[in-house]
Amino acid sequence: MYQRLMEHLTTAVLLLDGQLRLRWMNPAAEALLALSRSRVIGQPLPGLVNSEDDIGELLAKARDEFHPYTQREARLTLPTGDALTVDYTVTPLSADELLMELEPRDRLLRISREEALQTRQETIKVLARGLAHEVKNPLGGIRGAAQLLERDLGDSRLTEFTHIIVEEADRLRDLVDAMLGPHRLNRHEPLNIHKVLERVRALVAVEHPEVTFTRDYDPSLPDLMGDESQLIQAILNVARNAVQAMTEAGTEGPTLVLKTRARRQFTLGAERHRLVCQVSLIDNGPGIPEELKETLFYPMVSGRAEGSGLGLSIAQSVLHRHQGLIECDSRPGQTEFRLLIPLETSHD
């Protein structure tokens with residue numbers, strides 16, 4: 001009965017002997033550590049799983065002192081090469097038995113990070129709307145006054161200056177509108193995300209023929225409900241941003257990977273979705289400067305000399321309108337933007 005209970009626990013449980021070799025593990029542990037119990041029984045756990053804080057030393061310490069030990073937010077590297085953040089507790093049962101319990105933390109940490117990101121985005125939206133109101137009103141007055149002045153001026157050399165005033169007022173109005181993101185309502189219709197990606201690839205390939213595009217699509221992905229033109233714009237903004245960063249840095253052999261995957265039972269913000277579409281854009285460029293990573297999706301923030309700082313902000317706004325979001329991991333030589341879109345979004 002006790003073994004049946006342990007096998008149905010959602011907490012990962014392992015039993016080690018005095019030599020830190022695996023004697024038993026429940027199915028939750030097999031799933032978490034990507035290990036097959038029948039293949040690894042009898043092998044030392046430190047040889048299967050690596051950690052930044054030397055898991056073997058900590059296990060031996062708990063065994064030798066015969067005292068429970070808990071490690072918070074430990075980073076483990078699995079045999080597959082994947083990294084995992086867990087809390088784990090080691091409890092000595094006897095001189096030759098150690099009980100180890102592991103609780104994954106990645107999902108909770110990611111939920112916390114996403115909630116913070118969404119809160120910041122909502123704050124930015126409120127500020128942008130307020131700024132738009134304060135800027136567009138006087139701009140309209142300036143534009144109108146310039147047009148009235150132009151009517152009274154008979155000299156074409158002078159009206160050239162009023163034309164400049166009108167054009168610059170229009171440019172500032174367009175800039176403020178861009179900060180607010182798409183201003184029309186979403187038209188949610190069934191769409192194939194690969195059709196969207198192929199459109200983006202074709203557009204960017206024309207602009208940057210020197211870039212190599214690699215496609216890694218999951219053909220089993222079902223259609224999602226979304227606004228095709230807005231999603232094209234969002235993904236195009238991310239792709240252009242990546243390609244322009246590679247071009248400006250003089251990246252040798254610039255490559256952009258377009259990848260799609262299905263994520264099951266995935267949490268976005270506070271809501272858990274049965275199925276989520278993940279679109280990844282991976283480049284081999286210089287990476288994002290450390291000082292920009294926390295503010296990457298803010299309006300007017302750019303790491304490029306010629307950048308407006310609006311592309312990623314607009315892309316994030318589009319994803320929020322689809323109840324999704326954008327994540328980013330970056331290091332020199334590899335930057336990955338992940339666009340996560342629920343496959344059962346509600347209509348706006």
Side-chain angles (χ1 to χ4, degrees), residues 174-175 177-179 181-182 184 186-187 189 191-219 221 223-224 226-262 277-289 292-293 296-322 324-341:
D174 293 342
L175 180 64
D177 286 341
M179 286 178 63
R184 66 176 178 81
N186 286 2
R187 290 198 298 264
E189 298 171 345
L191 63 90
N192 186 315
I193 193 63
H194 299 128
K195 179 184 174 184
V196 171
L197 287 170
E198 284 300 293
R199 176 71 180 279
V200 169
R201 185 188 63 81
L203 290 169
V204 179
V206 169
E207 298 170 356
H208 297 275
E210 75 281 5
V211 175
T212 299
F213 291 85
T214 301
R215 287 169 281 185
D216 182 3
Y217 296 160
D218 179 355
L221 273 176
D223 286 355
L224 61 85
D227 188 306
E228 183 172 341
S229 64
Q230 287 192 17
L231 286 174
I232 288 174
Q233 186 61 57
I235 298 173
L236 184 61
N237 286 357
V238 176
R240 278 179 173 156
N241 192 71
V243 168
Q244 289 165 0
M246 288 190 287
T247 301
E248 290 182 9
T251 301
E252 187 175 345
T255 301
L256 185 64
V257 178
L258 305 176
K259 179 178 176 181
T260 60
R261 290 292 184 270
C277 170
Q278 176 179 301
V279 177
S280 297
L281 289 88
I282 308 166
D283 70 71
N284 63 336
I288 297 167
L292 289 183
K293 288 183 178 179
L296 192 60
F297 297 102
Y298 288 8
M300 314 307 288
V301 173
S302 176
R304 297 173 34 245
E306 302 299 323
S308 68
L310 290 175
L312 294 179
S313 174
I314 291 171
Q316 187 74 280
S317 176
V318 169
L319 266 291
H320 281 174
R321 293 164 74 93
H322 288 77
L325 56 82
I326 305 178
E327 297 180 333
C328 176
D329 290 321
S330 179
R331 64 177 187 272
Q334 180 171 315
T335 296
E336 178 178 0
F337 282 88
R338 291 183 298 276
L339 291 77
L340 300 156
I341 311 164

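If you're wondering where the values come from, they're calculated on a predicted model, not measured in any experiment.
With respect to the salt-bridge test (charged N to carboxylate O, under 4.0 angstrom), the residues Lys195 and Glu198 do not qualify.
Not one N or O on the side chain of Thr335 forms a donor-acceptor pair closer than 3.5 Å with the backbone of Asp283. Between the Asn284 side chain and the Thr251 main chain, no donor and acceptor come within less than 3.5 Å of each other.
The side chain to side chain contact (heavy atoms under 4.5 Å, CB included) search around Ala205 returns Phe213, not counting sequence neighbours. For Arg199, the side chain to side chain donor-acceptor pair (under 3.5 Å) test picks out no residue, with sequence neighbours left out. With sequence neighbours excluded, the residues satisfying side chain to side chain contact (heavy atoms under 4.5 Å, CB included) with Glu207 are Arg240. Remark: Ser280 engages Gln278, Glu336 in a side chain to side chain donor-acceptor pair (under 3.5 Å) (not counting sequence neighbours). Looking at residues two or more places apart in sequence or on another chain, you find a side chain to side chain contact (heavy atoms under 4.5 Å, CB included) between Ala239 and Val200, Val204, Leu256, Leu281. For Asp216, the salt bridge (Lys or Arg N to Asp or Glu O under 4.0 Å) criterion is met by Arg261, not counting sequence neighbours. Checked against side chain to side chain contact (heavy atoms under 4.5 Å, CB included), Gln233 has the following partners two or more places apart in sequence or in another chain: Asn237.
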Apply the test side-chain contact (heavy atoms from CB on, under 4.5 Å) to residues Leu197 and Arg201: give CA-CA distance (whole Å), side-chain angles for both, the deciding distance (0.1 Å), then the verdict.
CA-CA 6 Å; Leu197 287 170; Arg201 185 188 63 81; over 6 Å; no
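Separating the CD atom in Glu228 from the CD atom in Gln230 is a distance of 11.5 Å, to the nearest 0.5 Å. Atom CE of Met246 sits about 7.0 Å away from atom OG1 of Thr255, to the nearest 0.5 Å. In this structure, the separation between CG on Leu221 and NE2 on His194 is 5.0 Å, given to the nearest 0.5 Å.
Looking only at side-chain heavy atoms (C-beta outward), Gln316 and Leu312 stay at 4.5 Å or farther from each other. Counting heavy atoms from C-beta outward, Ile326 and Cys328 have side chains that stay 4.5 Å or more apart. In this structure, Arg338 and Asp329 have side chains that are in contact, with non-hydrogen atoms separated by less than 4.5 Å.
Between Ala234 and Ala315, the shortest heavy-atom distance links the atoms O-CB, 3.6 Å. Pairing each heavy atom of Ser330 with each of Gly287, the nearest pair is OG-CA, 3.3 Å. When all heavy atoms of Leu224 and Leu231 are compared, the pair lying nearest together is CD1-CD1, 4.0 Å. Contact detail for Pro254 and Glu210: the closest heavy-atom pair is CG-O, 3.7 Å.
Residue Ile193 forms a side-chain contact (heavy atoms from CB on, under 4.5 Å) with just one option from Asp223, Val279, Asp218, and that option is Val279.
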